[in-house]
Number of protein chains: 2
Amino acid sequence: MNLTSDQISILKLAFKPLELSVEKHPLFFEQWQEDSFERYEFITEAGKIERYFYIIESGVQIIYILDHSGNKRVLGFSFDGSYSGVYDSFLDQKPSSYFIESLTPSKVLKIDKSQYNSFFENYPEFEHWGRIIHAKLFVGRVEREIELITLTAKERFEVFSKRCPEPLKNIPQKYLASYLNMTPETYSRLRAEL
Amino acid sequence: MNLTSDQISILKLAFKPLELSVEKHPLFFEQWQEDSFERYEFITEAGKIERYFYIIESGVQIIYILDHSGNKRVLGFSFDGSYSGVYDSFLDQKPSSYFIESLTPSKVLKIDKSQYNSFFENYPEFEHWGRIIHAKLFVGRVEREIELITLTAKERFEVFSKRCPEPLKNIPQKYLASYLNMTPETYSRLRAEL
DNA sequence: GTGATTTCTTGATCCAGGTCAAGATTATTT
DNA sequence: AAATAATCTTGACCTGGATCAAGAAATCAC
(Lines give C-alpha, C1' and ligand atoms only; values in the text may rest on other atoms or scores of the structure.)
Protein backbone atom coordinates (compact mmCIF):
# COMPACT_ATOMS: atom_id res chain seq x y z
CA MET A 1 0.00 0.00 0.00
CA ASN A 2 1.36 3.39 -0.95
CA LEU A 3 0.32 6.39 1.04
CA THR A 4 0.05 9.84 -0.48
CA SER A 5 2.11 12.61 1.05
CA ASP A 6 -1.07 14.02 2.61
CA GLN A 7 -1.67 10.75 4.38
CA ILE A 8 1.92 10.62 5.51
CA SER A 9 1.53 14.09 7.04
CA ILE A 10 -1.55 12.89 8.93
CA LEU A 11 0.43 9.99 10.39
CA LYS A 12 3.31 12.28 11.27
CA LEU A 13 0.82 14.61 12.99
CA ALA A 14 -0.63 11.72 14.96
CA PHE A 15 2.74 10.32 15.98
CA LYS A 16 4.51 13.61 16.44
CA PRO A 17 7.04 12.67 19.14
CA LEU A 18 8.31 9.75 17.04
CA GLU A 19 10.12 11.75 14.34
CA LEU A 20 9.17 9.26 11.67
CA SER A 21 10.66 9.13 8.20
CA VAL A 22 9.75 7.01 5.21
CA GLU A 23 13.41 5.98 4.87
CA LYS A 24 14.00 4.92 8.45
CA HIS A 25 10.60 3.41 9.16
CA PRO A 26 9.44 1.87 5.87
CA LEU A 27 7.31 -0.79 7.57
CA PHE A 28 5.41 1.88 9.42
CA PHE A 29 4.32 3.67 6.28
CA GLU A 30 3.63 0.54 4.24
CA GLN A 31 1.03 -1.16 6.32
CA TRP A 32 -1.66 1.47 6.85
CA GLN A 33 -4.85 0.88 4.90
CA GLU A 34 -7.27 3.57 3.87
CA ASP A 35 -10.94 3.32 4.67
CA SER A 36 -13.89 5.69 4.68
CA PHE A 37 -17.25 5.97 6.38
CA GLU A 38 -20.49 7.72 5.56
CA ARG A 39 -22.35 10.02 7.85
CA TYR A 40 -23.92 8.11 10.74
CA GLU A 41 -22.11 4.91 9.78
CA PHE A 42 -20.88 2.75 12.65
CA ILE A 43 -17.18 2.04 12.84
CA THR A 44 -17.76 -0.41 15.68
CA GLU A 45 -20.59 -1.42 17.99
CA ALA A 46 -20.97 -2.76 21.54
CA GLY A 47 -20.47 -6.49 21.67
CA LYS A 48 -17.98 -6.52 18.83
CA ILE A 49 -14.22 -6.88 19.04
CA GLU A 50 -12.21 -3.93 17.81
CA ARG A 51 -10.03 -5.11 14.92
CA TYR A 52 -8.28 -1.87 14.05
CA PHE A 53 -6.36 1.05 15.36
CA TYR A 54 -7.48 4.12 13.42
CA ILE A 55 -6.03 7.54 12.69
CA ILE A 56 -8.56 10.07 11.41
CA GLU A 57 -7.63 11.76 8.14
CA SER A 58 -10.78 13.88 7.93
CA GLY A 59 -14.22 14.04 9.48
CA VAL A 60 -15.51 13.68 13.04
CA GLN A 61 -16.12 10.44 14.90
CA ILE A 62 -17.81 10.04 18.24
CA ILE A 63 -17.42 7.37 20.92
CA TYR A 64 -20.26 6.61 23.31
CA ILE A 65 -21.91 3.97 25.44
CA LEU A 66 -25.61 3.35 26.04
CA ASP A 67 -26.72 3.73 29.66
CA HIS A 68 -29.45 1.68 31.41
CA SER A 69 -32.15 3.87 29.87
CA GLY A 70 -30.70 3.50 26.40
CA ASN A 71 -29.37 7.06 26.25
CA LYS A 72 -26.14 7.72 24.42
CA ARG A 73 -23.41 8.90 26.80
CA VAL A 74 -20.65 10.53 24.83
CA LEU A 75 -17.10 9.94 26.06
CA GLY A 76 -15.18 11.74 23.36
CA PHE A 77 -14.61 12.82 19.80
CA SER A 78 -11.90 12.12 17.22
CA PHE A 79 -10.81 14.27 14.29
CA ASP A 80 -7.83 15.76 12.48
CA GLY A 81 -5.05 13.24 12.92
CA SER A 82 -6.23 11.95 16.28
CA TYR A 83 -6.62 8.35 17.25
CA SER A 84 -9.99 6.60 17.03
CA GLY A 85 -11.10 3.13 18.04
CA VAL A 86 -12.16 1.18 21.09
CA TYR A 87 -8.93 0.85 22.88
CA ASP A 88 -9.52 -1.72 25.58
CA SER A 89 -11.21 -4.06 23.14
CA PHE A 90 -8.41 -3.60 20.62
CA LEU A 91 -5.70 -4.34 23.18
CA ASP A 92 -7.29 -7.42 24.73
CA GLN A 93 -9.34 -8.51 21.71
CA LYS A 94 -12.41 -8.81 23.90
CA PRO A 95 -15.96 -7.61 23.11
CA SER A 96 -16.43 -3.95 24.01
CA SER A 97 -19.36 -1.94 25.29
CA TYR A 98 -18.65 1.09 23.15
CA PHE A 99 -20.06 2.45 19.92
CA ILE A 100 -18.07 4.52 17.47
CA GLU A 101 -20.00 6.42 14.86
CA SER A 102 -18.96 8.75 12.10
CA LEU A 103 -20.82 12.04 12.56
CA THR A 104 -19.67 13.33 9.18
CA PRO A 105 -18.30 11.49 6.18
CA SER A 106 -14.82 10.50 7.35
CA LYS A 107 -11.61 9.07 6.03
CA VAL A 108 -9.24 7.03 8.16
CA LEU A 109 -5.97 5.17 8.05
CA LYS A 110 -6.08 1.88 9.90
CA ILE A 111 -3.90 -1.06 10.90
CA ASP A 112 -4.88 -4.34 12.49
CA LYS A 113 -3.65 -5.80 15.76
CA SER A 114 -0.84 -7.93 14.32
CA GLN A 115 0.52 -4.99 12.33
CA TYR A 116 0.25 -2.82 15.43
CA ASN A 117 2.20 -5.39 17.42
CA SER A 118 4.83 -5.74 14.74
CA PHE A 119 5.54 -2.01 14.86
CA PHE A 120 6.44 -2.35 18.50
CA GLU A 121 8.62 -5.36 17.79
CA ASN A 122 10.42 -3.73 14.88
CA TYR A 123 10.80 -0.22 16.23
CA PRO A 124 11.66 -0.18 19.94
CA GLU A 125 11.27 3.60 19.97
CA PHE A 126 7.59 2.89 19.48
CA GLU A 127 7.39 1.43 22.95
CA HIS A 128 8.76 4.64 24.38
CA TRP A 129 6.27 6.66 22.37
CA GLY A 130 3.49 4.31 23.50
CA ARG A 131 4.42 4.76 27.13
CA ILE A 132 4.47 8.54 26.90
CA ILE A 133 1.25 8.79 24.90
CA HIS A 134 -0.59 6.47 27.24
CA ALA A 135 0.65 8.37 30.25
CA LYS A 136 -0.76 11.54 28.69
CA LEU A 137 -4.06 9.83 27.86
CA PHE A 138 -4.28 8.71 31.47
CA VAL A 139 -3.54 12.16 32.86
CA GLY A 140 -6.05 13.68 30.42
CA ARG A 141 -8.80 11.37 31.60
CA VAL A 142 -8.13 12.24 35.24
CA GLU A 143 -8.41 15.91 34.32
CA ARG A 144 -11.76 15.33 32.65
CA GLU A 145 -12.93 13.36 35.67
CA ILE A 146 -12.04 16.29 37.91
CA GLU A 147 -14.00 18.68 35.71
CA LEU A 148 -17.03 16.40 35.75
CA ILE A 149 -16.86 16.03 39.52
CA THR A 150 -16.04 19.54 40.67
CA LEU A 151 -17.68 21.87 38.13
CA THR A 152 -21.35 22.79 37.77
CA ALA A 153 -23.10 22.33 34.42
CA LYS A 154 -22.66 26.05 33.76
CA GLU A 155 -18.95 25.93 34.51
CA ARG A 156 -18.43 22.88 32.31
CA PHE A 157 -20.30 24.66 29.54
CA GLU A 158 -18.16 27.77 29.88
CA VAL A 159 -14.85 25.93 30.02
CA PHE A 160 -15.77 23.82 27.02
CA SER A 161 -17.13 26.72 24.96
CA LYS A 162 -13.85 28.56 25.27
CA ARG A 163 -11.74 25.70 23.99
CA CYS A 164 -14.19 23.96 21.67
CA PRO A 165 -12.16 22.66 18.70
CA GLU A 166 -13.20 23.86 15.26
CA PRO A 167 -14.40 20.48 13.91
CA LEU A 168 -16.95 20.19 16.75
CA LYS A 169 -18.60 23.50 15.97
CA ASN A 170 -20.86 21.99 13.31
CA ILE A 171 -22.06 18.83 14.96
CA PRO A 172 -25.48 18.58 16.67
CA GLN A 173 -25.46 20.20 20.10
CA LYS A 174 -26.99 17.19 21.75
CA TYR A 175 -23.68 15.36 21.40
CA LEU A 176 -21.76 18.19 23.01
CA ALA A 177 -24.36 18.29 25.80
CA SER A 178 -23.90 14.57 26.41
CA TYR A 179 -20.11 14.91 26.40
CA LEU A 180 -20.51 17.59 29.07
CA ASN A 181 -22.79 15.27 31.05
CA MET A 182 -25.95 17.34 30.79
CA THR A 183 -29.23 17.16 28.86
CA PRO A 184 -29.75 19.02 25.56
CA GLU A 185 -32.32 21.19 27.37
CA THR A 186 -29.78 22.32 29.95
CA TYR A 187 -27.22 22.97 27.23
CA SER A 188 -29.72 25.04 25.32
CA ARG A 189 -30.65 27.10 28.39
CA LEU A 190 -26.99 27.78 29.19
CA ARG A 191 -26.49 28.82 25.61
CA ALA A 192 -29.42 31.29 25.84
CA GLU A 193 -27.76 32.90 28.88
CA LEU A 194 -24.70 33.46 26.68
CA MET B 1 20.93 0.17 49.25
CA ASN B 2 20.03 -3.44 49.98
CA LEU B 3 16.43 -4.44 49.96
CA THR B 4 15.09 -7.22 52.15
CA SER B 5 13.39 -10.14 50.45
CA ASP B 6 10.02 -8.76 51.64
CA GLN B 7 10.68 -5.51 49.86
CA ILE B 8 11.76 -7.35 46.75
CA SER B 9 8.45 -9.24 46.77
CA ILE B 10 6.58 -5.95 46.98
CA LEU B 11 8.44 -4.66 43.92
CA LYS B 12 7.80 -7.91 42.07
CA LEU B 13 4.11 -7.59 42.95
CA ALA B 14 4.01 -4.03 41.66
CA PHE B 15 5.84 -4.83 38.45
CA LYS B 16 4.31 -8.23 37.84
CA PRO B 17 4.42 -8.41 34.03
CA LEU B 18 8.15 -7.60 34.06
CA GLU B 19 9.43 -10.93 35.43
CA LEU B 20 12.19 -9.23 37.35
CA SER B 21 15.12 -10.99 38.95
CA VAL B 22 17.88 -9.68 41.15
CA GLU B 23 20.46 -11.28 38.85
CA LYS B 24 19.17 -9.92 35.55
CA HIS B 25 18.09 -6.48 36.78
CA PRO B 26 20.55 -5.52 39.51
CA LEU B 27 20.17 -1.80 38.90
CA PHE B 28 16.46 -2.07 39.42
CA PHE B 29 16.77 -3.53 42.89
CA GLU B 30 19.66 -1.35 43.97
CA GLN B 31 18.20 2.10 43.64
CA TRP B 32 14.99 1.97 45.60
CA GLN B 33 15.03 3.89 48.88
CA GLU B 34 12.87 3.15 51.84
CA ASP B 35 10.77 5.83 53.47
CA SER B 36 7.90 5.94 55.93
CA PHE B 37 5.10 8.29 56.86
CA GLU B 38 2.99 8.81 59.93
CA ARG B 39 -0.76 8.88 60.03
CA TYR B 40 -2.11 12.04 58.35
CA GLU B 41 1.35 13.01 57.11
CA PHE B 42 1.48 14.59 53.67
CA ILE B 43 3.56 12.85 51.02
CA THR B 44 3.06 15.76 48.65
CA GLU B 45 0.94 18.89 48.43
CA ALA B 46 -0.63 21.05 45.73
CA GLY B 47 1.87 23.53 44.32
CA LYS B 48 4.83 21.22 44.85
CA ILE B 49 6.69 19.21 42.27
CA GLU B 50 6.57 15.45 42.70
CA ARG B 51 10.12 14.19 43.18
CA TYR B 52 9.46 10.48 43.57
CA PHE B 53 7.73 7.49 42.18
CA TYR B 54 6.49 5.40 45.11
CA ILE B 55 5.47 1.81 45.63
CA ILE B 56 3.50 1.18 48.80
CA GLU B 57 4.90 -1.50 51.08
CA SER B 58 2.22 -1.16 53.75
CA GLY B 59 -0.46 1.29 54.80
CA VAL B 60 -3.05 3.31 52.90
CA GLN B 61 -2.47 6.55 51.05
CA ILE B 62 -5.09 8.82 49.54
CA ILE B 63 -4.91 11.23 46.62
CA TYR B 64 -7.27 14.20 46.43
CA ILE B 65 -7.71 17.73 45.20
CA LEU B 66 -9.44 20.66 46.89
CA ASP B 67 -12.46 22.02 45.02
CA HIS B 68 -13.57 25.69 44.90
CA SER B 69 -15.24 25.36 48.30
CA GLY B 70 -12.16 23.80 49.86
CA ASN B 71 -13.65 20.32 50.06
CA LYS B 72 -11.41 17.33 49.56
CA ARG B 73 -12.34 15.41 46.42
CA VAL B 74 -10.83 11.96 46.58
CA LEU B 75 -9.57 10.51 43.32
CA GLY B 76 -8.09 7.27 44.58
CA PHE B 77 -6.28 5.17 47.13
CA SER B 78 -2.99 3.31 47.16
CA PHE B 79 -1.99 0.27 49.21
CA ASP B 80 -0.37 -3.16 49.07
CA GLY B 81 2.22 -2.94 46.33
CA SER B 82 0.39 -0.36 44.27
CA TYR B 83 1.85 2.80 42.88
CA SER B 84 1.50 6.12 44.67
CA GLY B 85 2.50 9.62 43.69
CA VAL B 86 1.33 12.54 41.60
CA TYR B 87 1.97 11.21 38.19
CA ASP B 88 1.61 14.19 35.87
CA SER B 89 3.80 16.32 38.12
CA PHE B 90 6.40 13.57 38.36
CA LEU B 91 6.55 13.10 34.59
CA ASP B 92 6.74 16.76 33.63
CA GLN B 93 8.35 18.04 36.84
CA LYS B 94 5.73 20.77 37.05
CA PRO B 95 3.80 21.89 40.14
CA SER B 96 0.73 19.75 40.75
CA SER B 97 -2.72 20.45 42.16
CA TYR B 98 -2.94 17.20 44.11
CA PHE B 99 -2.45 16.23 47.71
CA ILE B 100 -1.28 12.81 48.82
CA GLU B 101 -1.75 11.94 52.44
CA SER B 102 -1.01 8.83 54.44
CA LEU B 103 -4.24 7.70 56.13
CA THR B 104 -2.41 5.13 58.24
CA PRO B 105 1.27 4.83 59.10
CA SER B 106 2.79 3.71 55.82
CA LYS B 107 6.03 2.39 54.40
CA VAL B 108 7.09 2.97 50.83
CA LEU B 109 9.87 2.26 48.38
CA LYS B 110 10.74 5.24 46.23
CA ILE B 111 12.98 6.30 43.37
CA ASP B 112 13.59 9.75 41.93
CA LYS B 113 13.04 10.94 38.39
CA SER B 114 16.57 10.37 37.14
CA GLN B 115 16.62 6.83 38.53
CA TYR B 116 13.22 6.22 36.98
CA ASN B 117 14.48 7.42 33.61
CA SER B 118 17.63 5.34 33.87
CA PHE B 119 15.56 2.18 34.34
CA PHE B 120 13.94 2.85 30.99
CA GLU B 121 17.28 3.50 29.36
CA ASN B 122 18.91 0.40 30.81
CA TYR B 123 16.06 -2.05 30.50
CA PRO B 124 14.13 -1.61 27.26
CA GLU B 125 11.54 -4.14 28.46
CA PHE B 126 10.58 -1.45 30.93
CA GLU B 127 9.24 0.68 28.12
CA HIS B 128 6.99 -2.17 27.07
CA TRP B 129 5.81 -2.61 30.64
CA GLY B 130 5.25 1.14 30.89
CA ARG B 131 3.17 1.18 27.75
CA ILE B 132 0.97 -1.71 28.89
CA ILE B 133 0.53 -0.40 32.43
CA HIS B 134 -0.35 3.08 31.25
CA ALA B 135 -2.82 1.69 28.74
CA LYS B 136 -4.48 -0.17 31.62
CA LEU B 137 -4.46 2.91 33.83
CA PHE B 138 -6.11 4.85 31.02
CA VAL B 139 -8.78 2.21 30.45
CA GLY B 140 -9.40 2.01 34.20
CA ARG B 141 -10.00 5.74 34.44
CA VAL B 142 -12.48 5.65 31.58
CA GLU B 143 -14.34 2.88 33.39
CA ARG B 144 -14.50 4.96 36.56
CA GLU B 145 -15.71 7.95 34.54
CA ILE B 146 -18.53 5.82 33.10
CA GLU B 147 -19.56 4.71 36.58
CA LEU B 148 -19.58 8.29 37.84
CA ILE B 149 -21.64 9.44 34.86
CA THR B 150 -24.15 6.65 34.43
CA LEU B 151 -24.79 5.29 37.92
CA THR B 152 -26.87 6.79 40.73
CA ALA B 153 -25.35 7.35 44.17
CA LYS B 154 -27.04 4.16 45.36
CA GLU B 155 -25.69 2.13 42.46
CA ARG B 156 -22.16 3.47 42.95
CA PHE B 157 -22.43 2.61 46.63
CA GLU B 158 -23.56 -0.95 45.87
CA VAL B 159 -20.95 -1.61 43.21
CA PHE B 160 -18.20 -0.27 45.45
CA SER B 161 -19.38 -2.10 48.57
CA LYS B 162 -19.17 -5.44 46.79
CA ARG B 163 -15.60 -4.98 45.68
CA CYS B 164 -14.22 -2.77 48.46
CA PRO B 165 -10.61 -3.87 49.02
CA GLU B 166 -9.70 -5.02 52.52
CA PRO B 167 -7.32 -2.14 53.36
CA LEU B 168 -10.11 0.40 52.80
CA LYS B 169 -12.48 -1.21 55.27
CA ASN B 170 -10.95 0.61 58.22
CA ILE B 171 -10.56 4.13 56.93
CA PRO B 172 -13.08 6.90 57.76
CA GLN B 173 -16.21 6.62 55.62
CA LYS B 174 -16.08 10.23 54.58
CA TYR B 175 -13.16 9.41 52.28
CA LEU B 176 -15.01 6.55 50.65
CA ALA B 177 -18.04 8.85 50.23
CA SER B 178 -15.89 11.44 48.53
CA TYR B 179 -14.30 8.84 46.27
CA LEU B 180 -17.82 7.82 45.24
CA ASN B 181 -18.69 11.46 44.60
CA MET B 182 -21.31 11.85 47.32
CA THR B 183 -21.56 13.52 50.72
CA PRO B 184 -20.91 11.61 53.96
CA GLU B 185 -24.61 12.10 54.79
CA THR B 186 -25.72 10.36 51.61
CA TYR B 187 -23.21 7.57 52.18
CA SER B 188 -24.51 7.10 55.72
CA ARG B 189 -28.15 6.96 54.56
CA LEU B 190 -27.33 4.39 51.88
CA ARG B 191 -25.52 2.37 54.48
CA ALA B 192 -28.58 2.44 56.76
CA GLU B 193 -30.71 1.02 53.93
CA LEU B 194 -28.24 -1.87 53.81
C1' DG C 1 -38.74 23.73 -3.28
C1' DT C 2 -41.86 21.13 -0.31
C1' DG C 3 -42.93 17.84 3.04
C1' DA C 4 -40.84 14.91 6.55
C1' DT C 5 -37.44 14.42 10.14
C1' DT C 6 -34.51 15.83 13.36
C1' DT C 7 -32.86 19.23 16.41
C1' DC C 8 -33.38 23.19 19.30
C1' DT C 9 -35.85 26.13 22.51
C1' DT C 10 -38.73 27.37 26.33
C1' DG C 11 -41.99 26.58 30.07
C1' DA C 12 -43.80 23.81 33.96
C1' DT C 13 -42.92 20.39 37.19
C1' DC C 14 -40.27 17.04 39.85
C1' DC C 15 -36.71 14.68 42.52
C1' DA C 16 -31.96 12.81 43.84
C1' DG C 17 -28.93 14.25 46.44
C1' DG C 18 -26.91 18.44 48.63
C1' DT C 19 -26.98 21.58 52.73
C1' DC C 20 -27.70 22.78 57.43
C1' DA C 21 -28.26 21.44 62.09
C1' DA C 22 -27.93 18.82 66.27
C1' DG C 23 -27.46 14.77 68.78
C1' DA C 24 -25.17 9.97 69.09
C1' DT C 25 -21.00 7.18 68.44
C1' DT C 26 -16.43 6.27 68.15
C1' DA C 27 -11.61 7.30 68.45
C1' DT C 28 -7.73 9.90 70.36
C1' DT C 29 -5.10 12.14 73.91
C1' DT C 30 -3.51 12.74 78.43
C1' DA D 1 -10.99 6.37 82.35
C1' DA D 2 -12.26 11.13 81.62
C1' DA D 3 -12.00 14.82 78.56
C1' DT D 4 -11.74 16.12 73.92
C1' DA D 5 -12.14 15.78 69.21
C1' DA D 6 -13.51 13.58 65.10
C1' DT D 7 -16.86 10.94 62.74
C1' DC D 8 -21.33 9.12 61.87
C1' DT D 9 -26.37 9.34 61.86
C1' DT D 10 -30.86 11.25 61.24
C1' DG D 11 -34.25 14.84 60.26
C1' DA D 12 -35.92 19.00 57.77
C1' DC D 13 -35.43 21.63 53.99
C1' DC D 14 -33.61 23.29 49.46
C1' DT D 15 -31.92 23.39 44.72
C1' DG D 16 -29.50 22.27 40.23
C1' DG D 17 -30.53 20.04 36.75
C1' DA D 18 -33.58 16.18 34.94
C1' DT D 19 -37.97 15.09 32.90
C1' DC D 20 -42.08 15.91 30.28
C1' DA D 21 -44.35 18.48 26.81
C1' DA D 22 -45.16 21.17 22.78
C1' DG D 23 -44.05 24.55 19.51
C1' DA D 24 -40.14 26.76 16.48
C1' DA D 25 -36.25 26.29 13.65
C1' DA D 26 -33.13 23.86 10.99
C1' DT D 27 -31.85 20.05 8.03
C1' DC D 28 -32.65 16.26 5.01
C1' DA D 29 -34.67 13.50 1.25
C1' DC D 30 -37.07 13.40 -2.74
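We name chains A, B, ... by the order of the sequence lines, and we start the count at 1 in each one.
- Counting non-hydrogen atoms under 4.0 angstrom, B/N170 reaches nothing in the nucleic acid.
- For C/dG18, the OP1/OP2 oxygens have a side-chain nitrogen or oxygen of B/T183 closer than 4.0 Å.
- In this structure, A/R73 is not positioned above the aromatic face of A/Y179 in the sense of NZ or CZ being under 6.0 Å from the six-membered ring centre and within 45° of the axis.
- With salt bridges taken as basic N to acidic carboxylate O contacts below 4.0 Å, none links B/E147 and B/R156.
- For B/Y187 and D/dC8, the OH to C1' distance is 12 Å, given to the nearest whole Å.
- Both tests do not hold together for B/R189 against B/F157: distance to the six-membered ring centre under 6.0 Å, angle to the ring axis within 45°.
- Taking atom NE2 of B/H68 as the reference point, atom P of C/dT19 lies 13 Å away to the nearest angstrom.
- Under the 30°/60° scheme for interplanar angles, the aromatic rings of A/F15 and A/F28 are found to stand perpendicular.
- In this structure, A/N181 atom CG and C/dG17 atom P are separated by 13 Å, rounded to whole Å.
- For A/E185 and C/dT6, the CD to C1' distance is 14 Å, given to the nearest whole Å.
- At least one side-chain nitrogen or oxygen of A/R191 sits closer than 4.0 Å to the OP1 or OP2 atom of C/dT9.
- Put simply, OH on A/Y40 is 9 Å from C1' on D/dT27, counting in whole angstrom units.
- At a threshold of 4.0 Å, the pair A/E50-A/K113 does not count as salt-bridged, since none of the basic side-chain nitrogens sits closer than that to a carboxylate oxygen.
- When distances are taken from the side chain of B/P172 to each of C/dG17, D/dC8, C/dT10, the shortest belongs to D/dC8.
- Applying the 4.0 Å criterion to OP1 and OP2 of C/dG17, one finds that B/T186 has every side-chain N and O outside that range.
- Atom P of nucleotide D/dT27 and atom OH of A/Y175 are separated by 14 Å, given to the nearest angstrom.
- In this structure, of C/dC8, C/dG18, D/dA18, it is C/dG18 that holds the atom nearest to the side chain of B/M182.
- No contact: B/N71 has no heavy atom under 4.0 Å from any strand.
- Protein atom CG of A/L151 is 15 Å distant from nucleotide atom C1' of D/dG17, rounded to whole Å.
- Heavy atoms of B/R39 sit under 4.0 angstrom from primed sugar atoms or phosphate atoms, though from no base atom.
- Spacing between atom CG of B/L180 and atom C1' of C/dG18 amounts to 16 Å, rounded to whole angstrom units.
- Residue A/R189 is in base contact, counting any heavy-atom pair closer than 4.0 Å across all strands shown.
- Look at A/Q173 and you won't find any side-chain N or O under 4.0 angstrom from OP1 or OP2 of D/dA26.
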